[in-house]
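For reference, the structure is listed below as structure tokens.
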Amino acid sequence: GAQERLSALVAFSRGLFGQTEPETIVASTCHAARDILLAQCAQLVLADDAGTRHTCTASGLANEQVEKLLRTRMYTVMLQSLEKGGCALFPMAPADTSQSSGTKLPGDLVSMLGVPVASVGHHYGYLCVINRIGLPGFTDEDLAVARAIAAQVAVAYENARRYYDLEQRVAERTAALEVANRELEA
């Protein structure tokens with residue numbers, strides 16, 4: 001229940017802040033979001049100022065089923081909102097079964113929740129989870145948890161970028177000092 005979810009969120013947070021590689025941050029967050037939010041599929045996309053995109057899709061579905069989910073018109077429309085920094089929730093209420101009548105097959109879009117990954121000053125991407133396991137849709141609690149995960153990954157991503165920039169500056173200064181040292185010794 002709620003206690004297990006909270007424990008999983010705390011464990012995720014502890015592991016996240018020791019990571020400095022964007023690919024590792026994206027992959028671990030995507031898999032954790034899928035597990036914590038009880039989704040069939042999760043997708044996390046982060047992009048830096050240079051346009052480099054880091055993407056991960058985690059799912060227990062077969063590749064063809066995941067591709068089917070990610071090609072649906074509903075997903076494409078909701079993705080446009082997410083890429084502009086908005087949120088996406090379908091259906092709007094988990095009890096709304098009017099959209100989900102009939103037999104659903106693996107790979108059918110039944111429910112979706114998406115939140116932006118952003119800090120105060122910058123929008124990095126989005127986190128999207130698809131098809132809530134055990135319920136016809138995602139709940140308000142799921143939305144709050146997804147927002148918490150997105151906020152944490154934004155901070156971790158910013159920290160990783162700062163760490164990389166700092167390492168670059170240290171390497172440049174070390175190289176300059178080595179050159180100056182050789183000149184002094186000559």
Side-chain angles (χ1 to χ4, degrees), residues 9 12-13 16-17 19 21-59 61 63 65-96 98-100 107-133 135-165:
L9 193 54
F12 158 72
S13 298
L16 182 65
F17 287 103
Q19 299 175 11
E21 294 295 324
E23 295 81 12
T24 306
I25 291 169
V26 170
S28 66
T29 300
C30 188
H31 289 276
R34 178 179 172 258
D35 293 342
I36 293 168
L37 293 165
L38 301 173
Q40 277 187 345
C41 182
Q43 186 174 60
L44 177 61
V45 176
L46 299 179
D48 62 22
D49 296 331
T52 303
R53 288 173 63 99
H54 306 280
T55 304
C56 179
T57 302
S59 178
L61 299 172
N63 288 341
Q65 294 165 335
V66 172
E67 289 172 14
K68 179 181 174 186
L69 274 174
L70 301 181
R71 280 194 316 261
T72 61
R73 180 161 168 30
M74 179 64 72
Y75 179 79
T76 305
V77 168
M78 293 183 128
L79 195 60
Q80 292 170 352
S81 173
L82 291 173
E83 288 178 341
K84 293 177 185 169
C87 288
L89 180 61
F90 172 80
M92 292 302 289
D96 179 11
S98 62
Q99 297 283 342
S100 59
D108 288 349
L109 180 68
V110 177
S111 58
M112 179 177 151
L113 168 64
V115 293
V117 174
S119 65
V120 173
H122 197 21
H123 173 80
Y124 295 107
Y126 61 87
L127 169 65
C128 180
V129 287
I130 303 170
N131 293 346
R132 174 68 153 83
I133 296 170
L135 293 175
F138 291 95
T139 65
D140 289 339
E141 180 182 315
D142 294 328
L143 177 59
V145 170
R147 285 181 171 152
I149 292 169
Q152 291 177 23
V153 77
V155 170
Y157 187 62
E158 280 184 345
N159 288 344
R161 292 177 62 199
R162 287 184 183 120
Y163 180 81
Y164 176 79
D165 290 345

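Worth knowing before you read on, the calculation uses all heavy atoms, side chains too, and leaves out hydrogens, waters and symmetry mates.
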[X] to [Y] - nearest heavy-atom pair and separation:
X: I149; Y: L37; answer: CD1-CD1, 4.4 Å
X: A154; Y: A118; answer: CB-O, 3.5 Å
X: L113; Y: A146; answer: CD2-CB, 3.9 Å
X: P91; Y: S111; answer: CD-CB, 3.8 Å
X: F12; Y: A32; answer: CD1-CB, 3.5 Å
X: L70; Y: Y75; answer: O-CD2, 3.3 Å

For residues [X] and [Y], determine if any side-chain heavy atom of one lies less than 4.5 Å from a side-chain heavy atom of the other.
X: T55; Y: V26; value: no
X: L69; Y: Q65; value: no
X: Q40; Y: I130; value: no
X: H122; Y: D49; value: yes
X: C87; Y: P116; value: yes
X: C128; Y: L82; value: yes
X: Y124; Y: V153; value: no

Side chain to side chain contact (heavy atoms under 4.5 Å, CB included) between K68 and D108: does it pass, once the steps are laid out? CA-CA 7 Å; K68 179 181 174 186; D108 288 349; 2.7 Å; yes
Would the distance check show the side chain of T52 and the main-chain N or O of D48 forming a donor-acceptor pair, the cut-off being under 3.5 Å? no
If I take atom [atom1] from residue [X] and atom [atom2] from residue [Y], how far apart are they, to the nearest 0.5 angstrom?
X: Y157; Y: T29; atom1: OH; atom2: OG1; answer: 12.0 Å
X: K84; Y: H123; atom1: NZ; atom2: NE2; answer: 11.5 Å
X: E23; Y: S28; atom1: CD; atom2: OG; answer: 11.5 Å

Result of checking R34, Q43, E67 against T57 for side-chain hydrogen bond (donor to acceptor under 3.5 Å, both in side chains): Q43
Pick from L9, D142, V129: which one makes a side-chain contact (heavy atoms from CB on, under 4.5 Å) with I36? L9
Working for side chain to side chain contact (heavy atoms under 4.5 Å, CB included), residues M78 and L109: CA-CA 12 Å; M78 293 183 128; L109 180 68; 5.6 Å; no
Run the numbers on S119 and E158 for side chain to side chain donor-acceptor pair (under 3.5 Å), then give the verdict. CA-CA 8 Å; S119 65; E158 280 184 345; 2.5 Å; yes
